[in-house]
Amino acid sequence: MEHEDKSESLQNLEKFHVSEEYGFVLPNPLTELPDYYAPWMDVAANLPHLIEGHQLRREVAKMPLLSTQYLRGHRQLRLARLALGFITMGYVWQGGSRQTVKILPRVLAVPYCTISELLDLPPILVYADCVLANWKKRDPCGPLNVENLDILFSFPGGDSNKGFFLVSLLVEAAAATGIKAIPMIINAILHHDRCSLETALQDVALSICKMREAFKLIHECVNPGAFFRSLRIYLSGWKDSFLMPEGLVYEGVWDSPKQFSGGSAAQSSTLQCFDVLLGIQHRAAQGFSAEYLGCMRDYMPAAHRAFIQTLASGPSLRQFVLATGDAGLHAAFNKCVLALVDLRSYHIQIATKYITIPAGRCRAEQQQLGGCVHEGTSVLSERGTGGTGFMRFLKAVRDTTRKAQLTEQ
Ligand code: HEM
Ligand SMILES: Nc1ccc(Cl)cc1-c1cn[nH]n1
């Protein structure tokens with residue numbers, strides 16, 4: 001398709017399930033399903049209690065095999081997937097790293113895989129489930145802030161669950177004005193409109209700064225110990241996992257076990273969108289392949305994946321700004337890059353506080369008391385020796401971002 005067509009297609013954000021107000025966040029997610037699905041919703045709503053009471057497996061064994069035919073529309077499918085995703089992660093990880101399961105019972109596997117196929121998402125909890133669709137306003141007319149928000153489902157780990165998912169949601173919501181500026185940027189490039197382009201780039205830089213502001217809430221809303229010892233475990237996946245080397249058998253769906261990566265904000269369309277817009281291409285870092293971020297696009301809603309692909313195949317903002325030799329555009333472009341560098345640097349500090357430091361304490365304890373740190377796979381977990389894998393990855397991504405600045409002409 002010609003660039004001109006692409007710019008037109010990107011003008012219609014709604015087609016890509018992108019909201020002017022909420023960005024990639026699912027606006028006003030449903031909180032209820034038809035009563036027929038009460039067996040799923042009741043277990044999902046009661047997950048922390050069932051897991052802590054070692055009753056989850058018994059409850060799942062009692063569940064009927066429900067048909068997905070009574071689910072109507074995108075939002076009911078997203079809510080059903082969210083509930084089944086929480087139950088699945090709870091079922092697999094309720095015994096921690098000592099008692100993993102190898103088989104997901106058919107009463108979960110069959111509907112979960114059916115719904116996942118309809119949404120073109122893998123049958124494992126992803127960022128688009130537990131962040132983008134896992135929220136409601138207490139007062140529907142109230143603001144989008146921590147005081148007026150709640151999550152729909154949770155793992156054990158208390159309020160840190162809510163804090164982690166809601167802070168992520170607020171970071172995503174802060175990105176909305178930047179995402180909304182993207183069609184304007186593409187249009188300005190195609191019409192050689194430097195003034196509109198500079199204004200839109202200023203919107204992107206301001207939006208990324210607001211994302212970093214929202215990020216700061218993590219300190220008051222998430223406890224490092226609760227995150228490291230509890231929540232992090234439940235988000236782990238079963239790909240390249242030495243705890244589940246074969247992966248997970250989805251009973252009644254596939255005969256052989258399947259491997260899927262755990263939930264990660266690498267599945268956030270927002271950061272990947274800004275990377276593509278600014279022409280930032282990441283490469284391999286120990287433990288994380290160059291394809292890792294690319295592979296995570298398969299864990300995004302199909303419409304969001306299409307938005308990123310359409311953006312990637314459109315005109316290059318980087319090349320356009322370079323070709324103009326315009327100092328104002330040059331500065332506005334670099335402000336966006338530096339805002340992304342600052343966000344990623346701040347994120348690295350957070351990862352240090354919430355993973356590296358608690359992991360160090362945990363190792364010290366285990367050397368005295370024995371027992372094994374959960375060496376989960378993929379997201380938010382230690383990879384490689386001493387948890388350095390992810391830190392090298394995050395620093396490599398940050399440093400590649402820094403190198404994307406346009407140098408002096
Ligand atoms: C307690 C808080 C957090 C911790 C400990 C943490 C830790 C990590 C770790 C270990 C990774 C690399 C592993 C992987 O991607 O599988 C990662 C990646 C990432 N995280 Fe977080 N994170 C936290 C919160 C957030 C939040 C709130 C956001 C934004 C909504 C975020 C955005 C990202 C992104 C976009 C990546 C992919 C790498 C990149 O694009 O820079 N993180 N995080
Ligand atoms: N913020 C997040 C929210 C949900 C899930 Cl599943 C993962 C993350 C995350 C953060 N950094 N890496 N992953």
Side-chain angles (χ1 to χ4, degrees), residues 23-25 82 85-86 89 124-135 151 155 157 160-175 208 211-212 214-219 221-228 230-237 239-240 261-276 280 282 285-289 292-296 299-300 340-359 376-384 387-402:
F24 290 108
V25 171
L82 177 66
F86 266 85
M89 304 310 265
I124 189 168
L125 193 74
V126 299
Y127 185 83
D129 299 315
C130 58
V131 174
L132 305 182
N134 184 25
W135 65 279
I151 54 177
F155 294 116
S160 286
N161 264 274
K162 178 176 154 188
F164 183 70
F165 294 135
L166 289 183
V167 170
S168 304
L169 180 76
L170 292 173
V171 172
E172 289 288 336
I208 298 171
M211 291 171 71
R212 188 175 182 281
F215 215 145
K216 292 177 178 174
L217 290 166
I218 205 99
H219 297 289
C221 298
V222 183
N223 171 279
F227 172 83
F228 181 78
S230 183
L231 175 55
R232 179 181 65 102
I233 312 307
Y234 288 101
L235 300 177
S236 296
K239 180 175 169 57
D240 305 329
S261 294
S264 167
Q267 300 159 0
S268 162
S269 303
T270 296
L271 272 292
Q272 292 221 25
C273 222
F274 288 147
D275 279 340
V276 167
I280 300 167
H282 300 290
Q286 184 204 31
F288 290 80
S289 68
Y292 173 67
L293 287 171
C295 289
M296 289 299 103
Y299 289 67
M300 298 175 186
L340 215 42
V341 173
D342 286 349
L343 179 71
R344 284 178 157 138
S345 293
Y346 191 73
H347 175 258
I348 287 167
Q349 294 173 33
I350 297 288
T352 302
K353 173 179 176 181
Y354 284 85
I355 296 181
T356 309
I357 292 172
T377 61
S378 183
V379 71
L380 307 172
S381 59
E382 297 177 272
R383 280 222 235 177
T388 53
F390 74 80
M391 197 49 83
R392 284 208 178 97
F393 168 69
L394 293 178
K395 288 178 177 174
V397 170
R398 188 266 315 272
D399 295 346
T400 300
T401 306
R402 183 179 283 123

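Atom set for the values below is all heavy atoms of this structure, side chains included, hydrogens, waters and symmetry mates excluded. Indexing begins at 1, ligand by ligand and atom by atom, following the structure's order.
- Put simply, CG on Leu235 and CE on Met89 are 6.5 Å apart, with the number rounded to the nearest 0.5 Å.
- In summary, the atoms of ligand 1 found under 4.0 Å from a heavy atom of Tyr127, numbered by their order in the structure, are 30 (C).
- Note: no N/O pair closer than 3.5 Å links Ser168 and ligand 1 by distance alone.
- Between Phe227 and Pro358 the shortest side-chain heavy-atom distance does not fall below 4.5 Å.
- Here atom 16 (O) of ligand 1 lies nearest to Tyr292 when heavy atoms of Tyr292, Phe165, Phe393 are compared.
- Note: Tyr354 and Phe228 fail the aromatic proximity criterion, with ring centroids not under 6.0 Å apart.
- Atoms of ligand 1 lying under 4.0 Å from at least one heavy atom of Phe390, given by number and element, are 10 (C).
- Here's the thing with Arg344: one of its N/O atoms is less than 3.5 angstrom from an N/O atom of ligand 1.
- Contact between Phe274 and ligand 1 is absent, with no heavy atom of the residue lying under 4.0 Å from the ligand.
- With sequence neighbours excluded, no residue satisfies salt bridge (charged side-chain N to carboxylate O under 4.0 Å, His left out) with Arg212.
- In summary, the atoms of ligand 2 found under 4.0 Å from a heavy atom of Ser264, numbered by their order in the structure, are 6 (Cl), 7 (C), 12 (N), 13 (N).
- Taking a cut-off of under 4.0 Å to the non-hydrogen atoms of Ile355, the atoms of ligand 1 that pass are 5 (C), 10 (C).
- Between Ile357 and Thr352 the shortest side-chain heavy-atom distance falls below 4.5 Å.
- For Ser264, a nitrogen or oxygen atom sits less than 3.5 Å from a nitrogen or oxygen atom of ligand 1, counting backbone and side chain alike.
- The atoms of ligand 1 that sit less than 4.0 Å from any heavy atom of Val397 are 39 (C), 41 (O).
- The side-chain heavy atoms of Leu293 and Phe393, taken from C-beta on, include a pair separated by under 4.5 Å.
- Distances from atom 43 (N) of ligand 1 to the heavy atoms of Met391, Arg398, His347, Gln272 put His347 nearest.
- Those atoms of ligand 1 with a heavy atom of Leu271 less than 4.0 angstrom away are 35 (C).
- For Ser168, every heavy-atom contact with ligand 2 shorter than 4.0 Å involves the side chain, none the backbone.
- Counting atoms of ligand 1 from 1 in the listed order, those under 4.0 Å from a heavy atom of Ile350 are 1 (C), 2 (C), 3 (C).
- Contact of the Phe164 side chain with the Val131 side chain is not registered, since no non-hydrogen atoms from C-beta on lie closer than 4.5 Å.
- Atom numbering of ligand 1 starts at 1 in the shown order; those under 4.0 Å from a heavy atom of Val171 are 29 (C), 30 (C).
- Under a 4.0 Å criterion applied to the non-hydrogen atoms of Phe227, ligand 1 contributes the atoms 5 (C).
- Distances between N or O atoms of Glu172 and those of ligand 1 include no value under 3.5 Å.
- Proximity annotation for atom 36 (C) of ligand 1: of Ala266, Gly237, Gly389, Ala266 comes nearest, heavy atoms only.
- Residues Thr270 and Met211 have side chains in contact (heavy-atom distance under 4.5 Å, counting atoms from C-beta outward).
- Close N/O approach between Tyr127 and ligand 2 is not found [any backbone or side-chain N/O within under 3.5 Å].
- In this structure, Gln272 contributes its side chain and Gln267 its backbone to no donor-acceptor pair below 3.5 Å.
- Proximity of Leu394 to ligand 1 is established by a heavy-atom distance of less than 4.0 Å.
- Side-chain atoms of Asn161 come within 3.5 Å of backbone atoms of Phe155 as a donor-acceptor pair (strictly under, hydrogens ignored).
- Tyr234 is not listed as a side-chain neighbour of Cys130, based on a closest heavy-atom distance of 4.5 Å or more.
- You'll find the side chain of Ile350 reaches within 4.5 Å of the side chain of His219, heavy atoms only.
- In terms of polar-atom proximity, defined here as any N/O pair under 3.5 Å, Cys130 makes no such contact with ligand 2.
- For Asp342, there are no salt bridge (charged side-chain N to carboxylate O under 4.0 Å, His left out) partners, not counting sequence neighbours.
- Ligand 1 lies nowhere less than 4.0 angstrom from a heavy atom belonging to Val222.
- Less than 4.0 angstrom separates some heavy atom of Val131 from each of these atoms of ligand 2: 3 (C), 4 (C).
- Not one N or O on the side chain of Asp399 forms a donor-acceptor pair closer than 3.5 Å with the backbone of Ala396.
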